[in-house]
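Down below is the structure, laid out as structure tokens.
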There are 2 protein chains.
Amino acid sequence: MQTSLGAEDALADDLEPAALRAADTVVRELEIEIASGRLADGEHLPAERELMSRFGISRTVVREAIARLASQGLVESRPRFRPVVRRPGYDTALSAVGGVVAHLLREPGGVKTLYDVRIFLEAALVRNAALHARKDDIAALREAIEANRLAIDDSERFYATDVAFHAVFYRIPRNPVFPAVHIGFTEWLSDHWRRMPRSPERNRVNFSMHKAIYDAVVERDPDAAEKALQSHLHAAWEYVRGTFETA
Amino acid sequence: MQTSLGAEDALADDLEPAALRAADTVVRELEIEIASGRLADGEHLPAERELMSRFGISRTVVREAIARLASQGLVESRPRFRPVVRRPGYDTALSAVGGVVAHLLREPGGVKTLYDVRIFLEAALVRNAALHARKDDIAALREAIEANRLAIDDSERFYATDVAFHAVFYRIPRNPVFPAVHIGFTEWLSDHWRRMPRSPERNRVNFSMHKAIYDAVVERDPDAAEKALQSHLHAAWEYVRGTFETA
DNA sequence: ACGATTTTTTTGGTCATACCAAAATTGAAA
DNA sequence: TTTCAATTTTGGTATGACCAAAAAAATCGT
């Protein structure tokens with residue numbers, strides 16, 4: 001039932017069928033300038049008062065436009081500073097969902113849901129590694145696991161090398177999406193990880209599991225690698241669950 | 001009142017890295033009300049003028065807060081309408097990245113990068129299906145592929161049933177993240193898909209590949225299923241690439 | 001001259017007020 | 001009860017102003 005509008009068109013410009021805010025124009029324009037590189041990465045956005053004169057709009061609209069660009073990760077806007085232009089990467093895409101994910105994790109079963117996705121993905125990644133890892137990939141794995149071994153007595157450092165070891169698998173497909181996803185996983189789940197009590201004994205267990213995964217990859221055995229990865233992550237989950245789980 | 005802060009403000013903030021906008025308070029408050037359900041899903045947000053009196057802030061700040069909630073998917077804000085509260089799901093999380101992804105896809109190799117991720121994930125999904133699909137999962141697959149077969153002569157309907165067939169695999173792990181990801185893939189890549197010329201002959205080829213995947217799953221052969229899926233998606237890629245690719 | 005310090009200008013953050021047009025609501029008419 | 005026009009809300013935008021912090025310019029001490 002479309003309203004029988006009609007008359008009353010003395011006003012000028014409303015040719016678009018869709019409703020649009022004035023800020024849309026500015027956003028699109030600036031998007032283009034950023035994508036084309038006329039506004040280079042790292043450079044900062046023109047002053048609000050300049051933009052309002054350039055586009056012939058009020059500061060209200062300028063600020064809304066900037067806010068939208070910020071929400072899309074195209075500019076980085078710290079409170080009192082000039083917004084900085086940021087050409088988006090797959091990592092910024094992930095950080096854009098950070099807020100929503102934080103909410104989802106608070107819901108019952110949210111953490112487990114996300115963790116299951118991690119297990120699923122990482123299982124596929126280690127399988128992929130066992131099948132397609134190149135010599136330099138294997139070398140990176142060896143370095144990572146060696147660093148992990150050397151950090152067994154330093155739980156803080158062990159955590160870092162642990163993350164780094166897993167990160168190698170995300171890099172092997174050489175697709176920028178995977179490392180970004182890994183960053184997301186570690187950020188979103190870091191709260192749960194950090195609350196887990198750590199100890200050299202525990203580290204030793206985890207290291208041996210890493211070693212098992214590594215060995216399987218070296219031997220080009222995808223099934224063994226996948227199995228090792230799954231039992232590793234499942235065991236870790238049971239450990240944290242038994243440690244401090246409440247709900 | 002903005003006013004210069006009195007001396008009694010000593011208890012205030014900024015021992016932390018600090019820098020907070022006035023909108024932050026409102027955002028956090030409303031986030032809580034939405035998460036707790038006091039602002040139910042589907043309901044619409046209080047009027048801006050009411051929020052400004054409730055929080056004692058200007059409309060400027062209220063609008064910015066709402067804009068932020070909208071960018072996080074917690075409210076849905078169409079141009080001239082009252083913002084509608086939306087309890088976030090894994091699908092809203094994905095739609096939040098839509099904007100950034102759109103930019104990334106425009107960059108050279110962007111589509112291929114995302115498509116490779118899809119192949120990788122979906123290969124793992126069909127493998128998972130072959131290993132763990134339950135009877136009802138198999139039934140769902142059979143229905144989906146049958147619908148696909150019946151639509152061979154109707155390219156429009158074939159596309160829909162094609163998507164639906166693939167969607168089944170994303171549901172089998174029974175983890176809400178995967179269906180959301182699938183929606184993301186189909187949305188982001190739909191442009192490329194729609195430009196691909198379709199024909200009953202082409203549909204027949206695709207159907208046979210679907211059938212091959214289905215058969216492998218039924219026979220509980222993960223390797224065959226994965227192989228079939230990969231060759232299916234790779235073939236599809238080559239087809240679109242050979243059809244209209246330029247850069 | 002030059003780096004450090006103080007002063008000035010710029011700029012983002014917020015507030016207040018006002019107006020318009022479209023949406024939502026109300027109420028009268030059929 | 002339904003329909004549709006009149007009225008009230010409400011979101012979108014514009015102005016103009018002020019503050020405090022950042023950035024830039026000017027000044028100073030050695």
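Note that this is a predicted model, so its numbers are computed, not measured. Chain letters run A, B, ... following the sequence lines, proteins first and then strands; every chain starts at 1.
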Detail all sub-3.5 Å separations between protein N/O atoms and N/O atoms belonging to nucleotides 9-11 of chain D.
from: D:dG11; atom 1: OP1; to: B:R82; atom 2: NE; distance (Å): 3.4
from: D:dG11; atom 1: OP2; to: B:E48; atom 2: N; distance (Å): 2.9
from: D:dG11; atom 1: O3'; to: B:P79; atom 2: O; distance (Å): 3.0
from: D:dG11; atom 1: N7; to: B:R49; atom 2: NH1; distance (Å): 2.8
from: D:dG11; atom 1: O6; to: B:R49; atom 2: NH2; distance (Å): 3.0
from: D:dG11; atom 1: N2; to: B:R80; atom 2: NH1; distance (Å): 2.8
from: D:dG11; atom 1: N2; to: B:R80; atom 2: NH2; distance (Å): 3.1
from: D:dG11; atom 1: N3; to: B:R80; atom 2: NH1; distance (Å): 3.0

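For B:F55, there are no ring pair (Phe, Tyr, Trp, His ring centres under 6.0 Å) partners, not counting sequence neighbours. Listed by chain and number, the residues in a salt bridge (Lys or Arg N to Asp or Glu O under 4.0 Å) with B:R157 are B:D154 (sequence neighbours excluded). Residues satisfying the salt bridge (Lys or Arg N to Asp or Glu O under 4.0 Å) criterion with A:R106, sequence neighbours excluded, are absent altogether.
Between B:D137 and B:R174 a salt bridge is recorded (basic side-chain N to carboxylate O distance below 4.0 Å). A salt bridge does not link B:R38 to B:E31: none of the charged nitrogens lies less than 4.0 Å from a carboxylate oxygen. The pair B:D191-B:R195 does not count as a salt bridge, with every side-chain nitrogen at least 4.0 angstrom from each carboxylate oxygen. A salt bridge is absent between A:R202 and A:D153: the closest approach of a Lys/Arg side-chain nitrogen to an acidic carboxylate oxygen does not fall below 4.0 angstrom. A salt bridge links B:R54 with B:E33: at least one charged nitrogen is closer than 4.0 Å to a carboxylate oxygen.
Computed from C1' positions of five pairs at each end, the angle between the two local axes of the helix from C:dA1-D:dT30 to C:dA30-D:dT1 equals 10°, rounded to 10 degrees.
Whole-Å rounding puts the A:L51 CG to C:dG12 C1' distance at 12 Å.
Inter-residue side-chain proximity for B:D24 and B:R68 is flagged as met; some heavy-atom pair is nearer than 4.5 Å.
Figure legend: B:R198 and B:Y159 shown without cation-pi pairing, the cationic atom not lying both under 6.0 angstrom from the six-membered ring centre and within 45 degrees of its axis.
Projected onto DNA chain C by closest heavy-atom contact, B:T60 and B:H44 fall at different nucleotides, the more 5' of which corresponds to B:T60.
Less than 4.0 Å separates DNA chain C from no heavy atom of any residue of residues 68-76 of chain B.
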